[in-house]
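Treat the numbers as computed from the prediction; the structure is a model and nothing was measured. Remember, it's 1-based here, ligands and their atoms both numbered in the order they're listed. Along the sequence shown, residues are numbered consecutively beginning with 1.
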Amino acid sequence: MGAQSTAGDVARAADVLRHGGLVAFPTETVYGLGADATNPDALRRLYAVKGRPAAHPVIVHVADRAQLRDWAARVPPVAARLAEACWPGPLTIVVERAARVPDEVTGGASTVGVRVPDQPLARALLRTFGDGIAAPSANRFGRVSPTTAAAVRGDLGGEVDLVLDGGPCRVGVESTIVDCSRDDPVVLRPGGVTAERLREILGADVAVARAGERATPAPGTLPSHYAPRATVELAAREDVATRAAEHLVVGRSVGVLCLAPAPRVDGRVAVLDPPHDVDEYAHVLYQRLRDADAYALDVLLAVPPADEGVGAAVADRLRRAAGAGDAVAEARA
Ligand code: TXA
Ligand code: MG
């Protein structure tokens with residue numbers, strides 16, 4: 001494990017960004033792979049390193065709420081209320097884009113996603129850099145998001161100019177994305193800000209987008225996203241032992257991921273260190289998916305938590321890792 005980054009590293013990182021380079025940095029959700037959001041060449045390199053198709057938009061990170069105005073054509077009241085209540089924090093607000101926003105940020109769409117992260121190194125970097133930093137999660141397209149600097153280096157290696165190390169990410173799953181560019185707000189991706197909290201702030205339930213309704217391709221909402229190499233299968237807690245036995249009998253290596261207490265299973269099953277509540281489940285989720293690969297598991301049986309609090313985001317990512325995301329279910333429905 002590397003040492004945590006210092007103020008000197010932050011100054012160097014801002015310099016790298018000014019020269020069109022790429023900097024991976026911690027946020028409270030996951031590590032981001034950052035580029036100057038006003039520099040189309042830097043953005044093109046960002047897409048190349050990530051292996052992401054160019055039509056997919058990236059989130060612009062800014063230092064404070066006031067900077068939303070630099071990126072939005074207008075700030076509707078709902079967006080202003082959400083920003084006031086949740087920033088800095090794990091919420092991305094989608095608004096109509098300002099004229100200055102490069103097409104490379106929005107994938108050509110008429111909207112832009114903006115957020116103020118709640119992580120000291122991220123905020124120091126944003127303040128020092130002074131303008132927006134475009135940053136998708138710092139993993140290769142379709143792979144598990146990194147929640148440590150070591151995971152970033154393992155996935156992107158030498159293709160990043162500098163990696164800031166802020167230790168493990170506090171939340172562990174990505175930001176909630178709320179589209180405020182239309183008449184009524186719509187949740188495009190569940191995440192660190194819970195549905196309960198959104199209801200509290202806005203005084204009404206916020207609709208959750210169905211796959212077919214999305215105007216923009218959203219990579220974080222593709223079913224293949226967030227997948228480890230092991231095959232992830234969703235299981236009910238009471239079925240885990242039987243399902244594991246069925247895999248063992250045909251020679252597959254099997255692991256289990258679920259909330260504590262872990263179910264009793266055959267001694268050959270790798271029981272991944274169980275989280276004790278949904279917040280811890282979110283915090284360790286991507287590390288456990290990486291563990292599944294480190295143990296070279298063929299199959300990971302995952303028991304999703306209830307759709308409450310940040311559990312909704314954990315269950316969403318597990319469904320996607322299992323290739324059974326809403327997008328698939330709805331396309332078939
Ligand atoms: O927590 C997070 O949001 C992390 C950290 C680094 O901030 N970032 C992240 O970025 O998860 P990424 O690129 O892996 O996922 C961003 C999601 C994608 O699903 C993208 O399509 C969506 O945000 N998005 C960005 N701009 C959008 C827009 N204008 N309209 C709709 N969706 C948008
Ligand atoms: Mg991502």
Side-chain angles (χ1 to χ4, degrees), residues 23-35 37 43 46-47 50-62 71-73 79 86-98 101 103-119 121-123 125-126 132-147 152 155-156 164 166 169-182 185-193 209 211 213-227 282 286 310 313 316-317 320 325 327:
V23 172
F25 63 97
T27 79
E28 79 280 32
T29 58
V30 301
Y31 276 71
L33 178 60
L43 293 163
L46 174 72
Y47 277 68
K50 223 187 123 75
R52 171 183 276 191
H56 289 165
V58 287
I59 296 169
V60 176
H61 298 69
V62 293
W71 297 90
C86 299
W87 283 355
L91 179 77
T92 295
I93 298 177
V94 172
V95 287
E96 270 176 54
R97 68 192 261 193
V101 185
D103 279 342
E104 285 77 4
V105 163
T106 66
S110 60
T111 57
V112 62
V114 181
R115 92 175 184 101
V116 179
D118 182 18
Q119 207 284 348
L121 280 173
R123 300 204 73 196
L125 177 64
L126 287 161
I133 300 178
S137 50
N139 53 282
R140 285 192 205 279
F141 186 64
R143 311 271 0 145
V144 176
S145 299
T147 52
V152 175
D155 201 7
L156 298 177
L164 289 177
C169 300
R170 175 169 57 82
V171 177
V173 291
E174 296 82 354
S175 60
T176 302
I177 303 177
V178 180
D179 184 353
C180 299
S181 70
R182 296 181 271 177
V186 177
V187 174
L188 300 183
R189 177 178 72 182
V193 171
E213 296 171 353
R214 290 186 189 104
T216 334
T221 61
L222 291 179
S224 67
H225 237 63
Y226 313 105
Y286 290 136
V310 77
D316 170 78
R317 304 306 188 271
R320 294 180 198 290

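Residue contacts with ligand 1, taken as heavy atom pairs separated by less than 4.0 Å, involve Arg52 solely via side-chain atoms from C-beta onward. Residue His56 does not touch ligand 1, judged by heavy-atom distances below 4.0 Å.
Of all atoms in ligand 1, numbered sequentially from 1 with element shown, those under 4.0 Å from a heavy atom of Gly32 are 6 (C). For ligand 1, the atoms lying closer than 4.0 Å to a non-hydrogen atom of His61 are 5 (C), 6 (C), 7 (O). Less than 4.0 angstrom separates some heavy atom of Leu188 from each of these atoms of ligand 1: 31 (C), 32 (N). For ligand 1, the atoms closer than 4.0 angstrom to any heavy atom of Thr111 are 28 (C), 29 (N), 30 (N). Using a 4.0 Å cut-off to heavy atoms of Arg189, the atoms of ligand 1 that qualify are 2 (C), 3 (O), 9 (C), 11 (O), 15 (O), 16 (C), 17 (C). Set against the non-hydrogen atoms of Gly113, the atoms of ligand 1 under 4.0 Å away are 26 (N), 29 (N). Atoms of ligand 1 found under 4.0 Å from any heavy atom of Ile177, numbered from 1 in the order shown, are 17 (C), 22 (C), 23 (O). Residue Thr29 approaches ligand 1 through these ligand atoms, each under 4.0 Å from one of its heavy atoms: 1 (O), 2 (C), 4 (C), 5 (C).
Within the model, atoms NE2 of His61 and CD1 of Ile133 stand 8.5 Å from one another, a figure rounded to the nearest 0.5 Å. Taking CD from Gln119 and CG from Leu125, the interatomic distance works out to 10.0 Å, rounded to the nearest 0.5 Å. The CG atom of Leu188 lies 10.5 Å from the OG1 atom of Thr176; values are rounded to the nearest 0.5 Å. Between atom CD1 of residue Ile93 and atom OG of residue Ser175 there is a gap of 10.0 Å, rounded to the nearest 0.5 Å.
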Begin from the C-alpha positions of Arg115 and Glu28 and carry the test salt bridge (charged side-chain N to carboxylate O under 4.0 Å, His left out) through to its verdict. CA-CA 12 Å; Arg115 92 175 184 101; Glu28 79 280 32; 2.9 Å; yes
Working for salt bridge (charged side-chain N to carboxylate O under 4.0 Å, His left out), residues Arg97 and Asp103: CA-CA 10 Å; Arg97 68 192 261 193; Asp103 279 342; 2.7 Å; yes
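You'll find the side chain of Arg317 reaches within 4.5 Å of the side chain of Tyr286, heavy atoms only.
Residue Ser175 holds the heavy atom nearest to atom 3 (O) of ligand 1 of all those in Cys169, Ser175, Pro117, Gly107.
Within the structure, the closest approach of Arg97 to ligand 1 does not fall below 4.0 Å when heavy atoms are considered. No heavy atom of Thr106 sits closer than 4.0 Å to any atom of ligand 1.
Backbone or side-chain N, O or S atoms of Ser137 reach the Mg ion (ligand 2) at under 2.8 Å.
Looking only at atom types and distance, the side chain of Ser137 has no donor-acceptor partner in the side chain of Glu174 under 3.5 Å away.
For the pair Thr27 and ligand 1, the shortest N or O to N or O distance does not fall below 3.5 Å.
The shortest heavy-atom contact between Thr111 and Thr106 is O-CG2, 3.2 Å. Closest approach of Val95 to Ala79, counting heavy atoms only: CG1-CB, 4.1 Å.
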